[in-house]
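First up is the structure itself, then whatever we jot down about it.
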Amino acid sequence: MTEFQAINNILSNPSEGKKVRVRGWIHRIRKTGKLIFAVIRNESGIIQAILFRDNLPTEEFELAKSTLIESSVVVEGRLAKDERAPGGYEIRVEHFEVVGAAEKFPITKDQSDEFLLDNRHLWLRSRRMSAILKVRSTIFNEIRNYFQGLNYYEVQSPVFQSGACEGGSTLFEVPYFDSRDKVYLTQSWQLYAEAMMFGLERIYTIGPAFRAEKSRTRRHLTEFWMAEVEAAWLGNAEMMELAEGLVTHLVKSVIEKNPQELEFLERDISILKEIELPFPRYKYAEILDMLNAKGLELEWGADLGYTEEKMLTQELRTPIFITHFPRAKGFYHRVDPEDDKVVLCHDLLAPEGYGEIIGGGEREWRLEILMKRIREFDMEPEQYDWYLDLRRYGSVPHSGYGLGIDRTVAWIVGEEHIKNVIPFPRTMRRYTP
RNA sequence: GCCAGCGUAGCUCAGUUGGUUGAGCACCCGGCUGUUAACCGGGCGGUCAUCGGUUCGAAUCCGAUCGCUGGCGCCA
């Protein structure tokens, strides 16, 4: 018996009259009196199958007449060229078989955002979601390729974490047996990364992060995925090179490996192709001047919210770095030795209005100064007992960053809302299906 | 958390001044040998989100509650 064939292989190397055998799902089906058009969909593409009443057993034709969209089927037949068929070729069916009949499929041509989210378990099979998830798969794979190529080690940090870091109000607390200590889902691997770094020096991880922020925006999820990196001996400037290298690698890889998906998603690739190294670098102070020149009235210390980010990036066609933020940004950032108002850190903003996708910087590596910084933030050094130990036993300068993978996928595929680039999005009000 | 919007058939939406809720799609039946999210004819399908109030009478007016969506704020 003929092997099952991939639809894209059939269509990219067609030959008239060739015997083909395909399995997949009914994407569309149209029935006329004595013939049936069925578009078959599977992972590899779509192809039209045409069933002539006289070309296959009567019971199989009658079965096809009653088969609904999304039924899983096997079709066998001969390939025929026909300009009326999408793709230019169609299968003249000689054998039709239903593997799993579908009930009336709830998702039809009229769809609302809410309905698709309620039926996410079914919407995932759509061509749109499939295209996005293929790009997402490439991105996960290429993050690994990039770091492995630079001799970084992949490590894993715990999802259950004890003790609040900063911003404790956005942690998800979980019941943990009868522990009297608070246990939370991870927000970042930061503290653990610095511990693992001392043995491996160059490490990265890909993992979920959880934030109980009551955000209702197109760029926030309560559960999202981050790629994080930490390296001994490196400073902020070197870490920025590692960041722009990764982002450029991801964009080029997706353009090369997912051209069909980008085309289906109607992504304007010309913009992505313009991305070049190095990315422009601006200090926070320069950014304030740029925004104030556009009519804002921002003073030193002002947060760059989404409005400001969008103003900066919507006209851009390449990502930009913002560095040297005010020292209030985070206690573990190293204060700039040349200007103690700022810290050695960087954010990377994606162009076309997408905004921040990377946050990183150089860490304060000296015990006494780190403890002063912790007190500067009105926190107690005792809370960070084992973390401070890392500064007691051969501390070294080090840097790292975290890449928001979902935001990166959204930007590269040109999807406006982050929830549409993850299979099962979790937001403040949605945790099912 | 704040602001706004929405909730009527499985889906997308109409519903006039308060007077028996309609259409398209989906599905079922019939017709059609080239459909392109086909077309033609017929049919099935309703706790008008929930609770309460006003009224002779409420999908419609009022109040509360619930749910969802968007924006803002928040956001290593």
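Order of the sequence lines sets the chain letters (A, B, ...), proteins ahead of strands, with each chain counted from 1. Computed from heavy atoms alone, side chains included, the values below leave out hydrogens, waters and symmetry copies.
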| message | Does the plane of the ring in A/Phe160 sit parallel, tilted or perpendicular to the ring in A/Tyr176? Use 30° and 60° as the thresholds. | response | perpendicular
| Hey, what's the ring geometry for A/Trp386 with A/Tyr192, parallel, tilted or perpendicular (30° and 60° as the breaks)? | tilted
OP1 or OP2 of [N] less than 4.0 angstrom from a side-chain nitrogen or oxygen of [X], does that happen here?
X        : N     : result
A/Lys419 : B/G70 : yes
A/Arg218 : B/G71 : yes
A/His27  : B/A37 : no
A/Ser112 : B/U12 : yes

| message | With a 3.5 Å distance limit and no angle check, can you tell me whether A/Glu415 reaches the backbone of A/His417 through a side-chain donor-acceptor pair? | response | yes
| note | Residue set satisfying salt bridge (charged side-chain N to carboxylate O under 4.0 Å, His left out) with A/Arg84, at least two apart, ordered chain then number -> A/Asp82
Atom [atom1], compared across [N] and [M]: separation rounded to whole Å:
N     : M     : atom1 : value
B/C48 : B/A23 : C1'   : 16 Å
B/G43 : B/U47 : C1'   : 24 Å
B/A58 : B/U36 : P     : 47 Å
B/U55 : B/G63 : C1'   : 16 Å
B/C25 : B/C39 : P     : 7 Å
B/C3  : B/U8  : P     : 25 Å

Let's test this: given Watson-Crick or G-U wobble pairing with both distances under 3.5 Å, identify the partner of [N].
N     : answer
B/C11 : B/G24
B/G70 : B/C3
B/C61 : B/G53
B/G45 : none

With a 4.0 Å cut-off on N to O distance, would you call [X] and [Y] a salt bridge?
X        : Y        : result
A/Glu364 : A/Arg373 : no
A/Arg430 : A/Asp118 : yes
A/Glu76  : A/Arg21  : yes
A/Glu194 : A/Arg391 : yes
A/Asp336 : A/Arg327 : no

Minimum-distance nucleotide (side-chain atoms of [X] versus [options]):
X        : options             : answer
A/Thr307 : B/A76, B/G34, B/G73 : B/G73
A/Phe52  : B/C74, B/C68, B/U33 : B/U33
A/Arg407 : B/G34, B/C75, B/U36 : B/C75
A/Tyr332 : B/A76, B/C74, B/C75 : B/A76
A/Asp54  : B/A76, B/U35, B/U33 : B/U33

Under the ring-ring contact (aromatic ring centres under 6.0 Å, His included) test, residues paired with [X] that sit two or more places apart:
X        : value
A/Phe321 : A/His346
A/Phe140 : A/Trp225
A/Tyr393 : none
A/Phe224 : none

Roughly, in whole Å, what's the span from [atom1] in [X] to [atom2] in [N]?
X        : N     : atom1 : atom2 : result
A/Glu362 : B/A76 : CD    : C1'   : 16 Å
A/Lys65  : B/C28 : NZ    : P     : 12 Å
A/Tyr192 : B/A76 : OH    : P     : 19 Å
A/Gln187 : B/C75 : CD    : C1'   : 10 Å
A/Phe115 : B/A9  : CZ    : C1'   : 13 Å
A/Glu62  : B/C28 : CD    : P     : 14 Å
A/Arg53  : B/C32 : CZ    : P     : 9 Å

Any residue in [range] with a heavy atom nearer than 4.0 angstrom to RNA chain B? Just list them by number, or reply none.
range                       : value
residues 424-433 of chain A : A/Arg429, A/Arg430
residues 116-135 of chain A : A/Leu117
residues 219-230 of chain A : A/Arg219, A/His220

| field | Qualifying residues under side-chain contact (heavy atoms from CB on, under 4.5 Å), relative to A/Leu122, sequence neighbours excluded | value | A/Phe105, A/Pro106, A/Ile107, A/Asn119, A/Arg125
Across the strands shown, which category fits [X] at heavy-atom distances under 4.0 angstrom: base, sugar-phosphate, nothing?
X        : result
A/Arg211 : sugar-phosphate
A/Gln48  : base
A/Glu90  : base

| Donor + acceptor pair across side chains of A/Glu228, A/Ser188 (<3.5 Å) | yes
Donor/acceptor link under 3.5 angstrom from [X] side chain onto base of [N]:
X        : N     : answer
A/Glu213 : B/G1  : no
A/Asp113 : B/G70 : no
A/Ser215 : B/C75 : no
A/Gln111 : B/U12 : no

Please tabulate the protein-to-nucleotide N/O contacts below 3.5 Å involving nucleotides 22-27 of chain B, giving atom names and distances.
from, atom 1, to, atom 2, distance (Å)
B/G24, N2, A/Asp110, OD2, 3.0

| If you look only at pairs with a residue in residues 85-113 of chain A, which of them pass as a side chain to side chain donor-acceptor pair (under 3.5 Å), with sequence neighbours excluded? | A/Lys19-A/Glu94, A/Gln48-A/Glu90, A/Glu60-A/His95, A/Arg78-A/Glu94, A/Glu90-A/Arg92, A/His95-A/Glu97, A/Asp113-A/Lys419
Please output the side-chain donor-acceptor pairs of residues 282-293 of chain A that fall under 3.5 Å, not counting sequence neighbours, one pair per line with the distance.
from, atom 1, to, atom 2, distance (Å)
A/Tyr284, OH, A/Gly301, N, 3.0
A/Tyr284, OH, A/Ala302, N, 2.9
A/Tyr284, OH, A/Ala302, O, 2.7
A/Glu286, OE1, A/Lys283, N, 2.6
A/Asn292, OD1, A/Leu298, N, 2.7
A/Asn292, ND2, A/Leu288, O, 3.3
A/Asn292, ND2, A/Leu298, O, 3.1

